[in-house]
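Structure record follows, encoded as structure tokens.
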Protein chains: 2
Amino acid sequence: MKLTTKGRYAVTAMLDLSLHFGEGPITLADIAQRQGISLSYLEQLFSRLRKRSLVASVRGPGGGYSLGRSADEIYVGEVISAVDENIDTTRCNGAHNCQNNERCLTHDLWSDLSNQIYGYLNKISLQDLMDRQAVREVAQRQGQQEQETNPGMDISMSDMSSGPAGA
Amino acid sequence: MKLTTKGRYAVTAMLDLSLHFGEGPITLADIAQRQGISLSYLEQLFSRLRKRSLVASVRGPGGGYSLGRSADEIYVGEVISAVDENIDTTRCNGAHNCQNNERCLTHDLWSDLSNQIYGYLNKISLQDLMDRQAVREVAQRQGQQEQETNPGMDISMSDMSSGPAGA
DNA sequence: GATAATCTTGACTATTTTGCTTGGGAATGT
DNA sequence: ACATTCCCAAGCAAAATAGTCAAGATTATC
């Protein structure tokens with residue numbers, strides 16, 4: 001599991017696509033301008049997204065990209081892993097051919113955590129993110145803290161007191 | 001929020017410290033050998049971990065590092081953010097001074113997700129990881145799947161069917 | 001059919017980050 | 001004194017990131 005700005009770009013672009021769903025194909029040029037990402041870089045990212053069928057493309061004038069599935073069937077984990085696919089992640093790759101047991105133990109501990117994060121991100125769909133944002137905007141307008149329930153999702157937004165997460 | 005091999009090294013090293021808790025200070029040379037990380041790189045990582053009081057150091061012969069707090073009070077999110085601290089994360093940093101509303105919207109969507117991941121990682125302690133691993137080893141020895149309950153933690157290990165997470 | 005819009009692909013480059021080395025210190029137990 | 005350890009800073013090669021450039025392929029529209 002890796003989580004860098006590359007994945008952020010991909011998720012951001014996919015969210016842009018989600019927001020303009022129903023308007024026909026969206027050109028990369030539009031996304032590039034709206035999200036401040038270079039066109040050619042987007043092309044590279046979308047090449048990988050297309051291979052995973054996360055987006056569908058239409059060529060020619062009036063063409064562009066659209067979501068490969070509906071927004072509630074595309075999960076954040078998929079998007080991130082699609083653009084991140086690199087070969088060797090762990091030092092003792094896959095197999096447990098480490099020298100001593102000690103090393104394998106902590107490596108397993110890490111891969112355990114990695115799997116947890118992965119499973120977590122694979123439960124959050126693009127639609128969830130959009131719903132969540134919408135709900136929070138309403139709540140903010142009403143001047144109250146987040147207290148709403150979100151049926152079908154067990155992700156709580158509470159207790160993130162210490163996390164800068166972007167500053 | 002960022003999650004790279006650098007953070008993995010830090011978490012792995014901290015787990016190593018946790019596993020040898022009670023044996024007095026652990027030298028970086030030991031960790032370097034056990035985990036296959038270069039000594040000087042560990043020094044750099046531990047310099048940052050020490051600034052956040054995640055580890056405590058003892059100089060001189062017989063010295064080394066130990067956990068700054070007990071393993072159930074150190075959270076994975078802290079460890080990762082300690083070694084990752086870079087300055088500019090988002091393009092429209094902190095403030096919402098983007099050009100058009102569209103861009104700010106999707107940026108907020110991303111930072112929302114980022115906060116969720118952060119909150120998630122800040123609920124997982126080093127002790128949790130060690131417990132989880134121990135439990136799973138026992139379960140594996142008994143030939144049954146994971147079905148145990150983990151009081152105080154609401155993290156499920158189920159439904160990670162599609163995640164390669166390191167292959 | 002010509003043309004323009006758009007995806008598609010590959011090569012190339014600059015910048016940043018990783019991971020590591022080197023080389024020196026400073027503290028401290030023996 | 002001395003060896004052991006933490007501490008710190010500079011530098012450096014390899015990789016990843018982010019982007020540019022250039023050439024195509026497809027297709028709607030005139």
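All chains are named by letter (A, B, ...) in the order of the sequence lines, taking the proteins before the strands, and each is independently numbered beginning at 1.
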Position toward the 5' end of DNA chain C (nearest nucleotide), A/Lys51 or B/Val83: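 Its nearest nucleotide being more 5', the pick is A/Lys51.
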Residues in contact with DNA chain C, drawn from residues 61-71 of chain A - heavy-atom cutoff 4.0 Å: A/Pro61, A/Gly62, A/Gly63, A/Gly64, A/Tyr65
Beyond-backbone contact of B/Gln116 with A/Leu129, side-chain heavy atoms, under 4.5 angstrom: yes
From CA spacing to verdict: side-chain hydrogen bond (donor to acceptor under 3.5 Å, both in side chains), B/Thr27, B/Tyr65: CA-CA 6 Å; B/Thr27 68; B/Tyr65 284 95; over 6 Å; no
Could you state the [atom1]-[atom2] distance from [X] to [N], rounded to the nearest angstrom?
X: A/Leu28; N: D/dA18; atom1: CG; atom2: C1'; answer: 16 Å
X: B/Gln33; N: C/dC20; atom1: CD; atom2: P; answer: 15 Å
X: B/Arg48; N: C/dT17; atom1: CZ; atom2: C1'; answer: 11 Å
X: A/Gln35; N: D/dA18; atom1: CD; atom2: P; answer: 15 Å
X: A/Leu45; N: C/dT9; atom1: CG; atom2: P; answer: 14 Å
X: B/Ile31; N: C/dG19; atom1: CD1; atom2: P; answer: 17 Å
X: B/Lys6; N: C/dT16; atom1: NZ; atom2: C1'; answer: 11 Å
X: A/Leu3; N: D/dT17; atom1: CG; atom2: C1'; answer: 15 Å

Strictly below 4.0 Å: does [X] bring a side-chain N or O up to OP1 or OP2 of [N]?
X: A/Arg50; N: C/dT8; result: yes
X: A/Lys2; N: D/dT17; result: yes
X: B/Thr27; N: D/dT4; result: no
X: B/Tyr41; N: C/dC20; result: no

NA contact type, [X], heavy-atom cut-off 4.0 Å: base, sugar-phosphate, or nothing?
X: A/Ile26; answer: sugar-phosphate
X: A/Leu39; answer: nothing
X: B/Ser40; answer: base

Ion pair check, B/Glu78 and B/Arg69, cut-off under 4.0 Å: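 B/Arg69 and B/Glu78: salt-bridged.
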Lys/Arg N to Asp/Glu carboxylate O, A/Asp16 vs A/Arg34, below 4.0 Å: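 Salt bridge present between A/Asp16 and A/Arg34.
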Pair of N/O donor and acceptor under 3.5 Å linking C/dC20 base with B/Gln44 side chain: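 Looking at the base of C/dC20, it does pair with a donor or acceptor on the side chain of B/Gln44 (distance under 3.5 Å).
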Tell me which nucleotide among [options] gets nearest to the side chain of [X].
X: B/Arg59; options: C/dC20, C/dA11, D/dC6; result: D/dC6
X: A/Ser57; options: D/dT17, C/dC7, C/dT18; result: C/dC7
X: A/Tyr9; options: C/dT8, D/dA18, C/dT21; result: D/dA18
X: B/Glu43; options: C/dT21, D/dC7, C/dT9; result: D/dC7

B/Asp128 and B/Ser125: side chain donor to acceptor below 3.5 Å: yes
Polar contact flag, side-chain donor to acceptor under 3.5 angstrom, A/Ser70-A/Glu73: yes
Crowding at OH, B/Tyr41 (>12 non-hydrogen neighbours, <6.0 Å): yes
Residue of the set B/Leu45, B/Ile31, B/Leu49 for which side chain to side chain contact (heavy atoms under 4.5 Å, CB included) holds with B/Met14: B/Leu49
